[in-house]
Structures are given as structure tokens and as C-alpha cells.
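Input: a single structure, listed below in C-alpha cells.
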Amino acid sequence: MQSTDLSDVHPFGAGRFAALVIGWQQQQGRHDLPWQLDITPYKVLVSELMLQQTQVATVIPYFERWLQRFPTIEALAMAGQDEVMGLWQGLGYYARARNLHKAAQAIAARGSFPDDLHSLQQIPGIGRYTAGAILSFAYDSYGPIVDGNVRRLFCRLFALEGYAGQSRLEKQLWQLAEQLTPTQHNRRFAQGLLDLGATLCTARQPDCDSCPLQSGCQAYALQQVEQFPMPKPKKAKPSRQGHFLWVQQQGQLLLEQRPDKGIWSSLLTLPEVEPEHPLLQQAKPIGSFRHQFSHYQLDATIWQPQLQVQETAQHGWYASRQLANIALPAPIRKWIEQQLKQSDLD
DNA sequence: AAACCGTGGTC
DNA sequence: TGACCAAGGTT
């Protein structure tokens, strides 16, 4: 491990660093995001879960709808899973929705919102970053954060080698975060780190001329800003086949609830069968699509079976007017809507 | 440690 | 247009 003496690894003292970030945030940072208005721990929790690996612009309409329907943590705790997943549909990483639901129930049962690092990390969906973010944003108290923005900022400032997820780098980043995070104006400091990463210290074409930390940035001094952080070594993306059934009966469509693990967990889909399933022998293919996930490519075929489908407890019938309010995976929704539009024209 | 988990925006 | 990226967590 490297030195723990801060003065060895960065040119600003911790106090000076925080003052620069805080001052810049006040003048140049973002102040009008929906979750920055009338801040409550619940709003911070919802926004942070939604923002995990998801862009701000994508989250905003989901956040607004969510707060309208579930204004309080008690309202969310009492809701059914169908409605929770329905409001999350299209946002991706659906375990976050289940975690948020469970978090609301746990906090409601607990009687108070947790306000320390350890208690926060016991809550489903809250890891080290989100716990620090809640301390900073909800309570304006000491809460170190390392997310993608902070990782990029620190890797450049200190010319840190390694890529996201490498334990040695992550350890360095968290140690720096703990040392550089002040004990005052913490909300503004944390927001400043994120704003710097999101608006100046960006992945491509960083705006170093506008950066308040330029004079202390090692990557800038080396003229290698865009060489940090090092890219993760990438692997080939495998391709998988999926076979889905199109079964209509009296104007209704057969859908299947997916299990709470795996891809599209807890969502409804067209029933999926194994490629060897006997139904496919007598079925005719009526469509296909290709969908890119982050870690594999799905080549889907949709079949219209000629034989009766064995229904299970996971199956249900849905009229087309119901489809808008149920939780469907984005590519499945797209295909269904296109199919229904075409059959309406017949 | 490394795989798994989604989707849409961007260039 | 494909590859990268985005306020990570869980297993």
C-alpha cells in the first residue's frame, strides 16, 4: 500500500481541496435537479437508487412519476410489487426496484430513517457509495463517496494507475475520499465532486481550462488527462438465443411473470421456452429481434404455437389496454406494440 | 475477483 | 453504427 500521508499524494491540503470544490460547486455546480429541491432522506434514497449506472436525464421523468405516486416512504412500503415494477419499467437493473421496495418496508418497520454508515449499508440496495451519498445529501454530514465521477476525477488528479473495479485502485480511491472529505458543507462538497465529474472532468473532451483543480492535476501536468482512468479490459460479448411465444385468446395476450433472479427479474414477458420445447415443433415463427444487453446479445425469435400452451401459476392474460401499466422489458414492449399495431391494420 | 444485472444517449 | 458510457450493488 502506498503512503497514507496525504501531502505525499496531492498538491492541495485536504482543507484547500474541499474549499476549492465547495466554492466551485456554489458558483458553477448543478442546483436545480429535482432531488435537490426540498431535500428529504426518502428523496435522496429514491434518486440515488435510480441514478445507479443511469444518466441524470434518463432518471428525471422516472423520479417525478415515482414521487407523485409514492410521496412518502410509507406509501412505497404499502404498495404492491406489480405497481412498483410498473413504475420502474424501462429504467433497467430491475433488482434496484425490488431493493427500493424492500428498503422502504425495512425503514418503515424500523420507524426511523437510518443515519449512520453501518445502518445504511444494512438496507437492500445501499452499498458503500450510496450510504455515503445519503449521509452527504440527506444529512449534510460526513459521507465519503466514490462513484464513476469521483473515480475519473481522482485518477486524473493523482495520476492513479489501474481500472475500475481493481481492488488496489478502489482501495486508494476510498482512502483518498475519506481523507479529502470535509466535516462541514458536506452536501455541497459531495455535489461538487459529482458536478465536476459530470460537467468538466468528463470521460471525453474534458474541459480542463474551466477546472478549479487544474493547477494540482497530475494528469494535466503530464498532458495525459484522457489516459486516465485506464479502460477496463473488455471481453467479447456472447450471443444467446431466446424463444418467445405469441398466444392470443379472445383479444387477450398470454404473458409470463419472470422469477426474481436473472435477466428481467420480476417483470412480465412473452412466455419463454427452451429451444427443444415440443411446442416449437408445431409452431411457426412470426417475428424476431436482436437486443443488446450490457453483457450479452439476445437474438430472439417469436413463435405462434399451433397446440395448446400449458399454463402455470406464472401465466396470465392481458388485454391490450392493460399493457401500458404493466412492467414489460423494453424490447419486449417494443415488439408487442409493433405487432399489435400491425394486426390492428388488418 | 469477476460475473451478473438494462437501457438509452452519444459520438 | 458499434462501442463506450452512465450518482453501483450483489453474489
Side-chain angles (χ1 to χ4, degrees), chain A residues 29-30 33-36 43-63 85 88-100 102-103 120-138 143-153 162-171 173-174 177 187 190-199 202-205 226 229 231-238 240 258-267 269 290-298 327-334:
Chain A
R30 296 173 291 185
L33 298 171
W35 41 90
Q36 294 178 307
K43 288 186 195 175
V44 174
L45 173 67
V46 172
S47 63
E48 288 302 335
L49 270 287
M50 287 187 170
L51 285 162
Q52 288 170 3
Q53 296 291 284
T54 310
Q55 295 184 12
V56 167
T58 303
V59 165
I60 288 175
Y62 282 88
F63 179 83
M85 301 311 294
W88 199 277
Q89 65 162 323
L91 199 51
Y93 285 153
Y94 297 98
R96 295 183 296 171
R98 285 197 315 278
N99 284 337
L100 180 52
K102 284 188 282 190
L120 283 165
Q121 289 193 81
Q122 308 305 309
I123 303 293
I126 300 183
R128 192 171 178 182
Y129 161 79
T130 303
I134 290 172
L135 289 180
S136 292
F137 293 129
I145 53 171
V146 174
D147 75 325
N149 293 298
V150 176
R151 179 180 300 108
R152 191 168 53 251
L153 184 70
Y163 53 87
Q166 269 195 321
S167 59
R168 183 178 114 83
L169 175 63
E170 298 299 320
K171 193 171 178 180
L173 291 169
W174 279 104
R187 177 182 292 153
Q191 190 63 53
L193 290 181
L194 301 186
D195 291 348
L196 281 170
T199 65
T202 49
R204 287 168 302 210
Q205 296 187 314
E226 295 192 70
K232 285 188 71 170
K234 55 174 183 282
K235 334 168 300 179
K237 183 187 284 188
R240 300 185 196 174
R258 302 194 61 108
D260 64 1
K261 293 179 185 293
I263 198 75
W264 296 336
S265 54
S266 311
L267 272 61
T269 57
R290 172 170 290 179
H291 181 71
Q292 304 291 337
F293 290 109
S294 49
H295 49 307
Y296 66 92
Q297 166 181 300
L298 174 66
L328 293 169
I332 297 285
R333 170 175 296 285
K334 186 182 301 181

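The shown structure was predicted, so the numbers you read here are calculated from the model rather than taken from an experiment. The sequence lines fix the lettering, A, B, ..., with proteins before strands; numbering per chain opens at 1.
When the P atom is used for both B/dA3 and C/dA7, the distance is 23 Å, rounded to whole Å. Here, B/dG8 and C/dG9 have their P atoms 23 Å apart, quoted to the whole Å.
The residue among A/Asp147 and A/Gln121 whose nearest nucleotide of DNA chain C is located toward the 5' end is A/Asp147. With the nearest nucleotide of DNA chain C identified for both A/Glu48 and A/Lys261, A/Glu48 has the one nearer the 5' end. DNA chain B is contacted by both A/Lys235 and A/Lys334; A/Lys235 maps to the nucleotide lying nearer its 5′ end (nearest heavy atom per residue).
Distance from the side chain of A/Ser167 is smallest for B/dA1 among the nucleotides C/dG9, B/dT7, B/dA1. Side-chain proximity of A/Gln55 to the nucleotides C/dG8, B/dG9, B/dT7 is greatest for B/dG9. For A/Arg240, whose side chain is taken as the heavy atoms from C-beta onward, the closest listed nucleotide among C/dC5, B/dT7, B/dC5 is B/dC5. Side-chain proximity of A/Thr54 to C/dA7, B/dC5, B/dG6: nearest is B/dG6. Distances from the side chain of A/Arg152 to the nucleotides C/dA7, C/dA6, B/dT7 place C/dA6 closest. Listed candidates were B/dA3, C/dA6, B/dT7. Nearest to the side chain of A/Tyr94 is B/dT7. Of the candidate nucleotides B/dT7, C/dG8, B/dT10, B/dT7 has the atom lying nearest to any side-chain atom of A/Ser294. For A/Gln191, counting side-chain heavy atoms from C-beta on, the closest listed nucleotide (B/dG8, B/dA3, C/dA7) is C/dA7. For A/Pro331, counting side-chain heavy atoms from C-beta on, the closest listed nucleotide (B/dT7, C/dG9, B/dC4) is B/dT7. Distance from the side chain of A/Trp35 is smallest to C/dA7 among B/dC5, C/dA7, C/dC4.
A donor atom on one side chain and an acceptor atom on the other are found under 3.5 Å apart for A/Glu48 and A/Tyr129.
Cation-pi contact between A/Arg240 and A/Tyr296: present, with separation from the ring centre below 6.0 Å and deviation from the ring axis of at most 45°.
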Check your understanding: Between A/Trp35 and A/Phe63, is a ring pair (Phe, Tyr, Trp, His ring centres under 6.0 Å) present by the stated rule, with each step listed?
Key -> CA-CA 8 Å; A/Trp35 41 90; A/Phe63 179 83; 5.3 Å; yes

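When heavy atoms are screened at a 4.0 angstrom cut-off, A/Gly197 is found touching no nucleic acid atom at all. Using a 4.0 Å heavy-atom criterion, one finds that A/Leu193 contacts no nucleic acid atom at all. At the heavy-atom level, A/Ala330 lies under 4.0 Å from the strands shown only through sugar-phosphate atoms. Looking at heavy-atom distances under 4.0 Å, A/Leu194 makes contact with a base. Across all strands, A/Gly165 comes closer than 4.0 Å to no nucleic acid atom at all (heavy-atom distances). A/Thr130 comes within contact range of the sugar-phosphate backbone alone, with a heavy-atom separation under 4.0 Å but no base atom that close. Counting non-hydrogen atoms under 4.0 angstrom, A/Gln166 reaches nothing in the nucleic acid.
When atom types are taken as modelled, the side chain of A/Arg96 and the backbone of A/Tyr93 share a donor-acceptor pair closer than 3.5 angstrom. Judged purely by atom type and a 3.5 angstrom limit, A/Lys237 uses its side chain to pair as donor or acceptor with the backbone of A/Phe293.
The separation between A/Ile60 atom CD1 and C/dA6 atom C1' is 14 Å, rounded to whole Å. The OH-C1' distance, from A/Tyr163 to C/dC5, rounds to 18 Å in whole Å. Atoms CD (A/Glu170) and P (B/dA1) sit 10 Å apart, rounded to a whole Å. Counting to the nearest Å, the P atom of C/dA7 and the CZ atom of A/Arg151 are 11 Å from each other. Atom CG of A/Leu91 is separated from atom P of B/dC5 by 17 Å (rounded to the nearest Å). In this structure, NZ of A/Lys237 is placed 11 Å from C1' of B/dG6, rounded to the nearest angstrom. The CG-C1' distance, from A/Leu49 to C/dG9, rounds to 9 Å in whole Å. Distance, A/Leu173 CG to C/dA7 P: 15 Å, rounded to whole Å.
At least one side-chain nitrogen or oxygen of A/His295 sits closer than 4.0 Å to the OP1 or OP2 atom of B/dC5. Residue A/Gln53 places at least one side-chain N or O under 4.0 Å from the OP1 or OP2 atom of C/dG8. Contact check, A/His291 against B/dG6: no side-chain N or O comes under 4.0 Å of OP1 or OP2. Contact check, A/Lys234 against C/dC4: a side-chain N or O comes under 4.0 Å of OP1 or OP2.
For B/dG8, its base never sits under 3.5 Å from the side chain of A/Thr58 at any donor and acceptor pair.
When side chains are defined from C-beta on, A/Leu169 does not count as touching A/Trp174, because their heavy atoms never get closer than 4.5 Å.
Scanning for side chain to side chain donor-acceptor pair (under 3.5 Å) contacts around A/Thr130 gives A/Gln52, with sequence neighbours left out. Applying the side chain to side chain donor-acceptor pair (under 3.5 Å) rule to A/Asn149 yields the partners A/Asp147, A/Arg152; only residues at least two apart in sequence or on another chain are considered.
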